[in-house]
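If you're wondering where the values come from, they're calculated on a predicted model, not measured in any experiment.
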Amino acid sequence: MDRYVPICENRDFRRLYARGKSYVTPVVVLYVRRTRGTQIRLGITTSKKIGNAVQRNRSRRVIREAFRSLQNEVKPGTELILVARGKTPFVKSTAVEKALRQELQKAGVLELK
């Protein structure tokens with residue numbers, strides 16, 4: 001898969017929060033839901049609890065970069081929401097990638113190579 005499709009609609013976020021399975025790490029919370037489609041859908045959220053706008057934007061950048069390196073391994077037909085936690089703006093994308101890989105494996109959405 002070349003690229004993911006962003007989740008932008010509030011109703012899509014709410015549906016995934018309600019019906020998806022959650023996995024929690026100190027740096028990110030992952031909500032996963034398998035669908036019949038053939039695309040990967042990704043939403044990233046950061047609340048004001050994270051800090052000011054600079055820290056929230058850094059959190060989104062770090063999460064996006066960590067997912068970018070993993071997106072070729074994610075099975076098609078997956079919807080994901082990644083929620084930043086308080087530590088997220090202060091860690092490097094490699095730490096987020098490691099935590100994300102671990103949780104995606106628990107969720108069973110990574111293709112084994």
Side-chain angles (χ1 to χ4, degrees):
M1 180 124 282
D2 289 340
R3 194 158 154 77
Y4 60 87
V5 177
I7 296 176
C8 300
E9 297 284 325
N10 187 28
R11 65 183 170 168
D12 294 335
F13 277 93
R14 286 185 300 162
R15 181 177 50 232
L16 204 53
Y17 288 140
R19 296 185 188 158
K21 178 105 173 78
S22 65
Y23 300 88
V24 180
T25 67
V27 292
V28 70
V29 178
L30 170 69
Y31 290 88
V32 180
R33 183 168 173 248
R34 299 283 293 157
T35 62
R36 296 181 190 190
T38 60
Q39 43 186 271
I40 299 169
R41 298 186 70 212
L42 176 72
I44 300 173
T45 58
T46 54
S47 70
K48 287 198 173 184
K49 291 179 187 177
I50 302 302
N52 60 15
V54 173
Q55 290 175 331
R56 291 193 303 270
N57 285 328
R58 174 169 165 68
S59 297
R60 281 190 287 270
R61 280 196 314 270
V62 165
I63 290 172
R64 202 175 299 120
E65 176 60 26
F67 183 76
R68 187 185 65 77
S69 62
L70 293 172
Q71 74 181 2
N72 292 329
E73 299 175 38
V74 176
K75 292 179 183 176
T78 305
E79 290 184 342
L80 303 164
I81 291 183
L82 302 172
V83 181
R85 308 258 339 242
K87 284 185 174 181
T88 309
F90 305 108
V91 297
K92 296 193 181 276
S93 64
T94 54
V96 176
E97 179 185 347
K98 184 178 175 184
L100 198 54
R101 179 182 298 277
Q102 188 177 19
E103 296 306 313
L104 287 170
Q105 283 177 339
K106 276 187 195 174
V109 295
L110 280 186
E111 294 177 341
L112 300 174
K113 292 187 175 184

Legend entry - Minimum-distance pair of heavy atoms, taken over all atoms of Gly51 and Gln55: CA-OE1, 3.1 Å
Inset, instruction - Taking all heavy atoms of Thr35 and all of Thr78, pick out the closest pair and write down the distance. - result: OG1-N, 4.2 Å
Inset, instruction - Go through Arg61 and Glu65 one step at a time and tell me if the salt bridge (charged side-chain N to carboxylate O under 4.0 Å, His left out) criterion holds. - result: CA-CA 6 Å; Arg61 280 196 314 270; Glu65 176 60 26; over 6 Å; no
Inset, instruction - Measure the spacing between CD of Gln105 and CG of Leu100 and express it to the nearest 0.5 Å. - result: 10.5 Å
Inset, instruction - May I ask whether Phe13 and Tyr23 are part of the same hydrophobic cluster, defined by side-chain heavy atoms of I, L, V, M, F, W, Y residues being less than 4.5 angstrom apart, directly or through others? - result: no
Legend entry - Main-chain N/O of Leu70 paired to Arg101 side chain as donor or acceptor, under 3.5 Å: no
Inset, instruction - Report the distance from atom OG1 of Thr25 to atom NZ of Lys106, rounding to the nearest 0.5 Å. - result: 9.0 Å
Legend entry - Steps toward side-chain contact (heavy atoms from CB on, under 4.5 Å) verdict (Gln39, Arg3): CA-CA 9 Å; Gln39 43 186 271; Arg3 194 158 154 77; over 6 Å; no
Inset, instruction - Output the distance between atom CG (Leu104) and atom CG (Leu80), rounded to the nearest 0.5 Å. - result: 6.0 Å
Legend entry - side chain to side chain contact (heavy atoms under 4.5 Å, CB included) partner of Phe67, the single match among Val96, Ile44, Val28, Ile40: Ile40
Legend entry - Same apolar cluster (I L V M F W Y, side chains within < 4.5 Å links), Ile63/Ile50: no
Inset, instruction - State, without any angle test, whether Ser69 and Glu97 hold a side-chain donor-acceptor pair at a distance under 3.5 Å. - result: yes
Inset, instruction - For Lys92, look at atom NZ and say whether over 12 heavy atoms of other residues, nucleotides or ligands are found less than 6.0 Å away. - result: no
Inset, instruction - Identify whether Ile81 and Leu110 are in the same connected component of the hydrophobic contact network (ILVMFWY, side-chain heavy atoms under 4.5 Å). - result: no
Inset, instruction - Mind listing the closest non-hydrogen atom pair of Ile7 and Leu16 along with its distance? - result: CD1-CD2, 4.3 Å
Legend entry - NZ-CZ distance between Lys87 and Arg85, expressed to the nearest 0.5 angstrom: 9.0 Å
Legend entry - Tyr4 OH to Gln71 CD distance, which is reported to the nearest 0.5 Å: 7.0 Å
Legend entry - Working for salt bridge (charged side-chain N to carboxylate O under 4.0 Å, His left out), residues Glu79 and Arg33: CA-CA 5 Å; Glu79 290 184 342; Arg33 183 168 173 248; 3.4 Å; yes
Legend entry - Close side-chain approach of Lys98 to Thr94, heavy-atom, < 4.5 Å: no
Inset, instruction - Determine the sole option in Val27, Thr45, Val54, Thr46 for which the side chain to side chain contact (heavy atoms under 4.5 Å, CB included) test with Ser59 is passed. - result: Thr46
Legend entry - Joint hydrophobic cluster, Val83 plus Val24, side-chain heavy atoms closer than 4.5 Å: yes
Legend entry - Donor-acceptor pair, side chain of Arg41 and main chain of Val5, under 3.5 angstrom: no
Legend entry - Closest heavy-atom pair and its distance - Ser22, Tyr31: CB-CE2, 3.6 Å
